2 protein chains.
Amino acid sequence: MSKHRSVTIVDIAEAAGVSIATVSNVLNRRKVPMSEETIRKVEKAAEELGYRRNVMAASLSRKKSYELGLIVPGFIGYYGVFAEEMERTAHRFGYHMSVFSAGGYDPDMEKRHLDVLLQRRVDGLFCHGLAMSTETTRQIVSDGTPLVLFNGWNWPEDIAVGAVNLDFADGCRKAVKHLVEQGCRSLFYLERARAHETNKQRLLGFHDGVKQWAPDIPSFVLDGDTRPLQELVRMTKEMSGGRGPVGILAFDDLVALRFMSAVLEEGMKVPEDYKIHGINNDVISSSCYPQLTTLDIPYSQQAQLAIRLMLAELGEEEKLARASQLPPLPAREGNEIRIPLTPMLRKSTQ
Amino acid sequence: MSKHRSVTIVDIAEAAGVSIATVSNVLNRRKVPMSEETIRKVEKAAEELGYRRNVMAASLSRKKSYELGLIVPGFIGYYGVFAEEMERTAHRFGYHMSVFSAGGYDPDMEKRHLDVLLQRRVDGLFCHGLAMSTETTRQIVSDGTPLVLFNGWNWPEDIAVGAVNLDFADGCRKAVKHLVEQGCRSLFYLERARAHETNKQRLLGFHDGVKQWAPDIPSFVLDGDTRPLQELVRMTKEMSGGRGPVGILAFDDLVALRFMSAVLEEGMKVPEDYKIHGINNDVISSSCYPQLTTLDIPYSQQAQLAIRLMLAELGEEEKLARASQLPPLPAREGNEIRIPLTPMLRKSTQ
DNA sequence: CTGAAAGCGCTTACAG
DNA sequence: CTGAAAGCGCTTACAG
């Protein structure tokens, strides 16, 4: 209430005429037995004084912060939605999620954020497949704070307790199949090399798909970040040799939308001349015209799995039990959980 | 280094052969004088032991957390970008920003988040014009934690130390002027009523604009959330009476894009039949086709102003001084700082 | 220039 | 069922 000193358990103890230990016991509903009377008095005092627990003190004393850290490259598109979902899910399990945006794939930023989070003594850390090196990461988390990766591939087990990965490779394989079935006579993957591993997985799937479904169709990989889009469109036109619909698989829906806009601006038609396939089922993919075929991402599933993995590591079995009505943990290969992506077929490829 | 007990200043003190007070002094580079020798020894020990400060302990002892809280309705669109900018800016001033997403305009969520933040003893709070009532908010922040609003209008001064608002009203006035100049013969504002005050400000500007620039042109307000878009398009077509280009001012770029898509799907043309004006200069507005005319938002300016307002309130004058090369604080009316929006003219209205 | 001591607000054995 | 006491890791007057 006062502007300058907040109410503490000492105040409550005085007001209720009990010890601070008892106040603490009552307020934390521990399994220790206590009289109705005491409970009533303490709760009343706490209420009247407008008590608000100081979590820093509690964490310090308990040596556990109930805070989890999350580092994402940014808040737009996939990562923003995922961060929101992680935050919500953490809350459901009684944890607080501290989210950091590294402003892109920046190793220095990631290092600094990791440091800050560790200084805050978070109980666990979630990171996308980091921009940092294995060695740097190992050093940083060597203090024993568990690290769970999402969309991180090929990380040694001694660094991360596990990874929860979207199966981009498989999704892209299916995307290629779809484009081929729709009659595309040439295939392009519009990559984003600076997205590191998350790009490589797509690339892998693209190549696999081509090999499997269209070994005889010319296929190319272009980096969407290196040139103006108009130029890219012209390149695809030329490289495709005018032999029929061009199939485009884009790194994500935003890249897809931009490319599509450039195509339309050049006076060509989607899906007649170009069939365009995005990834993420971003809200924009269903808001644009024509709507974009894309891969849907089960955000809440990914968030739940990541957090359950963490809680298991933290030995919070009871909280996991409470969540037993959730779908069981899928099969793991090594320490990776792979989550399938669902195609969303829309106008842009049909 | 150990997996189970992290290094404390006690360890450093032992290793360096000094007291913990000295360790603390060295590590925090206070203005107290100390010998080169001591500094060297302590730093060496800290380095070798892999010391990482426990900020909870430091905050508790110092009674200041250097943590700031931010509550936004979500991470997509404007709020995501703004949150990122706030986080970055806070860091620059030596603060940590804890961001919460309320998952929409949900009073209960906002209350809970506010509570959590207060339990963490954040030094200050940033909120958008809350979904909560004045009274509820007053109760919650009555403990003296300063509250700075962004895009919050008409809040009593005893609750918030100030507000940093985007001037949507003025922006929308200009938008109407632009649409009229481009020859629109009817005007629509596609509102989003559930966005509360941030919608009302736009509405205000729309009405003002109509009154000033097009008192004789029929104008209407439609809520984009209440009906399917196709239906809205048909309604606008009917209400406009086919007397020339229809002017649309949308709540934001996403609403604008969706409406535009529906228009195109109906076989009509943008900008010939419909001229569409968004708000936010969201990345989608320049990624779609035709590109959307919109209002640009000076994110970094808004974030800086909000944080400087807070730091001033917290008495961090020195940190503000360090930032003196920043643009000066704009004029304030009451406790409001109003930031103008810049029109970005693009294809969709020309 | 350095250190002993009190204190930040809470939790947790442990004794009663 | 309740409370005295130690302790979490750090900071900050203050004395020397």
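Note that this is a predicted model, so its numbers are computed, not measured. A note on names: the letters A, B, ... follow the listed sequences, proteins ahead of strands, and every chain is numbered from 1.
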Chemist: Write out the stems for DNA chain D, ordered by first number and formatted as range with range, counting runs of at least 3 consecutive Watson-Crick or G-U wobble pairs under 3.5 Å.
Modeler: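 As far as DNA chain D goes, consecutive pairing (with distances under 3.5 Å) yields the stems C:1-3 with D:14-16, C:5-12 with D:5-12, C:14-16 with D:1-3.
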Chemist: Quick one: ring-ring contact (aromatic ring centres under 6.0 Å, His included) partners of B/Phe150, sequence neighbours excluded?
Modeler: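 Listed in chain order: B/Phe82.
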Chemist: Just jot down the side chain to side chain contact (heavy atoms under 4.5 Å, CB included) partners of A/Val18, sequence neighbours excluded, or say none.
Modeler: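 Here the qualifying residues are A/Ala16, A/Thr22, A/Val23, A/Thr38, A/Lys41, A/Val42.
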Chemist: Which pairs pass salt bridge (Lys or Arg N to Asp or Glu O under 4.0 Å) with one or both residues in residues 101-116 of chain B, sequence neighbours excluded?
Modeler: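 Counting only pairs at least two positions apart or across chains, the salt bridge (Lys or Arg N to Asp or Glu O under 4.0 Å) contacts touching residues 101-116 of chain B are A/Arg52-B/Asp115.
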Chemist: Considering residues at least two apart in sequence or located in another chain, which fulfil the salt bridge (Lys or Arg N to Asp or Glu O under 4.0 Å) criterion with B/Arg40?
Modeler: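 If we apply the salt bridge (Lys or Arg N to Asp or Glu O under 4.0 Å) test to B/Arg40, skipping adjacent residues, the hits are B/Glu37.
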Chemist: Identify, with sequence neighbours excluded, every residue that meets ring-ring contact (aromatic ring centres under 6.0 Å, His included) alongside B/Tyr51.
Modeler: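 Partners of B/Tyr51 under the ring-ring contact (aromatic ring centres under 6.0 Å, His included) test: none.
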Chemist: What pairs with A/Phe126 under ring-ring contact (aromatic ring centres under 6.0 Å, His included), at least two apart in sequence or on another chain?
Modeler: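 If we apply the ring-ring contact (aromatic ring centres under 6.0 Å, His included) test to A/Phe126, skipping adjacent residues, there are no hits.
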Chemist: Would you kindly compare B/Leu60 and B/Val32 by the position of their nearest DNA chain C nucleotide and give the one closer to the 5′ end?
Modeler: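 This one resolves to B/Val32.
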Chemist: Which residues pass the salt bridge (Lys or Arg N to Asp or Glu O under 4.0 Å) test with A/Glu197, not counting sequence neighbours?
Modeler: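 Expected list: A/Lys200.
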Chemist: Using the heavy-atom set of chain A and a strict 4.0 Å cut-off, write down the first and last nucleotide of DNA chain C that makes it in, 5' to 3'.
Modeler: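 Contact boundaries, 5' end first: C/dG9 to C/dT12.
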Chemist: What about B/His96 and B/Tyr66, are their ring centers closer than 6.0 Å?
Modeler: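 Centroid distance B/His96-B/Tyr66: not below 6.0 Å, so no.
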Chemist: I need the residues from residues 12-24 of chain B with at least one non-hydrogen atom less than 4.0 Å from DNA chain D; give them sorted by number, or say none.
Modeler: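 Correct list: B/Ile20, B/Ala21, B/Ser24.
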Chemist: Base, sugar-phosphate alone, or nothing: which one does B/Thr38 contact when heavy atoms must sit under 4.0 Å apart?
Modeler: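 Contact class for B/Thr38: sugar-phosphate only.
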Chemist: Enumerate the salt bridge (Lys or Arg N to Asp or Glu O under 4.0 Å) contacts for residues 123-142 of chain A, please, sequence neighbours excluded, ordered by first and then second residue.
Modeler: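 Output for this query lists A/Lys64-A/Asp123, A/Glu135-A/Arg138, A/Arg138-A/Asp158.
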Chemist: Enumerate the residue pairs fulfilling salt bridge (Lys or Arg N to Asp or Glu O under 4.0 Å) with a member in residues 15-24 of chain B, sequence neighbours excluded, ordered by first and then second residue.
Modeler: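 Listed by first then second residue: nothing to list.
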